[in-house]
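The structure under discussion appears below in the form of structure tokens.
We count ligands from 1, going down the list as the structure has it; atoms in each ligand are counted the same way.
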Amino acid sequence: MKILAIETSCDETAVSIIEKRGSVFTVLSNIVSSQAKLHAVFGGVVPNLANREHQKNLVPVLIAALKEAKLYTSQKKKFPATSILQCIEVMRREAELVKIFPKIFKITKPAIDAIAVTEGPGLEPALWVGINFAKALAVLWDKPLIPVNHMEGHIFSALIRDEKGKNQKARFKIQKIAMPAIALLVSGGHTELIRIKKLGRYSIIGETLDDATGEAFDKVAKMLCLGYPGGPAISKIAEKGDADAIVFPRPMINAQNFNFSFSGLKTAVLYHLRDHPRAKKADVAASFQHAAIDVLVTKTMRAIKKAGARTLIVGGGVAANKQLRMRLQNECSDSVEVLLPSASLTGDNALMIALAAFFGKKKSARSIRADGNMKLGPRKVSA
Ligand code: KG4
Ligand code: ZN
């Protein structure tokens, strides 16, 4: 069983193909083309620019993924005119993509069993390109289409383990999880605490009321002129700073719920910089990071305790943050296993979407066909 997955929810154009035999998965390809440098000029992701870039990138990224998976052969045979017209119709709003798409007509239908695509949450103009592209491929190749929730994908990125228990990409198994579990999902668009009874059954017990954690890192990095994306830049410069130099607020740390708020913390950094123009950047970055992580760790630990969780799953771009990883591992006692994605899988990728599709396959494949109506997110992970 092989699934080809497409991810375009933000600024990465990604395609991955994975195969499942028994309980073993093999990564046949995992291509990620990042637009980060392009958006950096604007200090953040510009949705319409992301849309245009996905349109330009999807065909070459798909071809690269098929080639790497050894599923690429060119053909002289023609697809039926009706399916060509149908897939052009599906992509009518993606003018650039329609121009490049005919390259796909020259490829033999690959030996895959289904196509998965991120349906949300994410930036709508970015999501639509991936969805329409996936729909067109599903029509052309007559494959079922599986919609995948992006945040569920981030959960799966933490479950990849090889037989020795280490993270590995080429061949892996899915970690058996002692339930119940808590997932902390921290990305550029989301901050969520999720209680998991079993894979596929999630309830959001807390989320951010304003900025997402990654967004706060990005905005503070902008104030410090550290460029975009801000998370990696902040954590790098923070290594040289004193995390206790400035005591920034820890919003909602004592609130008796699992929600977050990062906008006040961000404003506190802004005011500090206004009042202390000579402040050392490394100290500001380290102190901000310390405050943000304190809140994340405190609330996560409280959620683990309340749920009696036996596993903590961490996912999303901010899961790359070394301090966050270390703090969570240190705080969790031996009775709680901490599952972290490998560094290369913390950011957006299509491998995690393919993997989530395998598990959501049964219910989705039945209800959704390429020519059916697929409802666009942003749908959240929910029970
Ligand atoms: O999951 P992701 O790749 O995309 C979204 O779905 O949003 O997350 C991107 C976010 C960005 O805000 C980025 O600054 C943040 O993850 N990030 C980090 C680190 N690496 C990436 N934040 C803190 N520390 C890091 N090391
Ligand atoms: Zn993400």
Atom of His154 closest to the Zn ion (ligand 2), considering N, O or S atoms: NE2
Top protein contact for atom 5 (C) of ligand 1, by heavy-atom distance: Asp348 OD2, 3.5 Å
Metal check, the Zn ion (ligand 2) vs His190 N/O/S, cut-off below 2.8 Å: no
Contact partition for His190 relative to ligand 1, non-hydrogen atoms under 4.0 Å: neither
Identity and separation of the nearest protein heavy atom to atom 15 (C) of ligand 1: Val318 CG2, 3.9 Å
Gly347, any N or O under 3.5 Å of ligand 1 N or O: no
Any N or O of Gly316 closer than 3.5 Å to N or O of ligand 1: no
Contact (N/O only, under 3.5 Å) between Ser9 and ligand 1: no
Ligand 1-proximal atoms of His154, by part, heavy-atom distance under 4.0 Å: side chain
Residue part near ligand 1, for Cys10, under 4.0 Å between non-hydrogen atoms: neither
Atom indices of ligand 1, in the order listed, that fall short of 4.0 Å to a heavy atom of Gly214: 12 (O)
Atom pair CG (Leu312) and CD1 (Ile177), whose distance is rounded to the nearest 0.5 Å: 11.0 Å
